[in-house]
Amino acid sequence: MSAARGYGLVVLVLAIVASASLASSREKLSARQCEDLGFSGLALCSDCNAFAEYVKDQELVSDCLKCCTEDSDDETSKITYSGALLEVCMRKLVFYPEIVGFIEEEKDKFPSVKVQYVFNSPPKLIMLDEDGQFKDTIRIDNWKREHVLQFLREKVKPASPK
């Protein structure tokens with residue numbers, strides 16, 4: 001009986017530590033810090049919770065939670081940007097045929113999206129506000145061309161006629 005109580009106490013203590021850890025993981029990191037950790041900022045917090053079921057590295061899950069967006073269909077679906085920079089290293093383009101295909105064949109459909117070649121930069125979209133200022137950064141290393149197209153159609157406002 002006392003072994004069962006001891007086990008129950010250990011489980012209770014672990015549950016308290018885990019909940020305290022999750023609470024502290026709710027502090028948010030800057031977009032640059034998240035990008036340095038490999039998180040794009042597009043992950044929903046529910047994705048981090050699902051991630052935690054498969055990855056048993058609590059620190060990694062904690063970092064995910066610090067970089068996620070709260071689940072709210074209304075909020076995330078309404079966010080739009082006035083333009084974007086597609087930043088990529090010209091030397092690394094050979095490793096990203098989907099990005100090359102987008103640049104060569106689809107980019108002209110998006111006049112408010114500019115391509116910027118930066119040495120050693122992984123492919124990413126730098127989303128801009130109405131003033132042309134940095135708003136968000138989204139890594140697109142593994143995106144297919146159709147994912148880039150769909151994202152830009154949904155998130156970048158059409159260029160206003162001049």
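Computation of the quantities below employed the complete heavy-atom set of this structure, encompassing side-chain atoms and omitting hydrogens, waters and symmetry-equivalent molecules. By convention here, the first residue in the shown sequence is residue 1.
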Worked verdict on Gln116 versus Val88 for side chain to side chain contact (heavy atoms under 4.5 Å, CB included): CA-CA 7 Å; Gln116 181 173 311; Val88 66; over 6 Å; no
What pair of heavy atoms forms the shortest contact from Ile99 to Pro123, and how long is it? CG1-CB, 4.2 Å
Might you point out which heavy atoms bring Glu98 and Arg145 nearest each other, and give the distance in Å? OE1-N, 2.8 Å
Taking the side chain as every heavy atom from C-beta outward, state whether [X] and [Y] have any pair of such atoms under 4.5 Å apart.
X: Ile140; Y: Ile138; answer: yes
X: Tyr117; Y: Leu93; answer: yes
X: Gln133; Y: Leu128; answer: no
X: Ile103; Y: Leu86; answer: yes
X: Val156; Y: Phe151; answer: no
X: Lys28; Y: Lys66; answer: no
X: Leu152; Y: Val113; answer: yes

Taking atom [atom1] of [X] as the centre, report whether more than 12 heavy atoms of other residues, nucleotides or ligands fall under 6.0 Å from it.
X: Asn142; atom1: CG; answer: no
X: Phe134; atom1: CZ; answer: yes
X: Lys135; atom1: NZ; answer: no

Might you work through the side chain to side chain contact (heavy atoms under 4.5 Å, CB included) test for Tyr81 and Asp129, ending with a clear yes or no? CA-CA 5 Å; Tyr81 304 93; Asp129 65 12; over 6 Å; no
Apply side chain to side chain contact (heavy atoms under 4.5 Å, CB included) to Asn120 and Arg91, showing your working. CA-CA 8 Å; Asn120 217 21; Arg91 290 180 171 195; over 6 Å; no
Are Phe102 and Trp143 close enough that their ring centres sit under 6.0 Å apart? no
Strictly distance-based, threshold 3.5 Å: is any side-chain N or O of Glu87 a donor or acceptor partner for the main-chain N or O of Lys124? no
When you check the side-chain N and O atoms of [X] and [Y], is any donor under 3.5 Å from an acceptor?
X: Ser82; Y: Glu130; value: no
X: Gln150; Y: Glu146; value: no
X: Ser30; Y: Gln33; value: yes

Value rounded to 0.5 Å, distance of [atom1] in [X] from [atom2] in [Y]:
X: Asp36; Y: Asp63; atom1: CG; atom2: CG; value: 11.5 Å
X: Thr80; Y: Glu154; atom1: OG1; atom2: CD; value: 11.5 Å
X: Cys64; Y: Asp57; atom1: SG; atom2: CG; value: 11.5 Å
X: Ser62; Y: Glu27; atom1: OG; atom2: CD; value: 7.5 Å

Transitive ILVMFWY side-chain link [X] to [Y], under 4.5 Å:
X: Leu125; Y: Val100; result: yes
X: Val115; Y: Val118; result: no
X: Ile126; Y: Leu149; result: no

The criterion is side-chain hydrogen bond (donor to acceptor under 3.5 Å, both in side chains); which residues satisfy it with Lys109, sequence neighbours excluded? Glu106
Disulfide (SG to SG under 2.5 Å) for Cys68 and Cys48? Distances and angles first, verdict last. CA-CA 7 Å; Cys68 67; Cys48 294; 4.4 Å; no
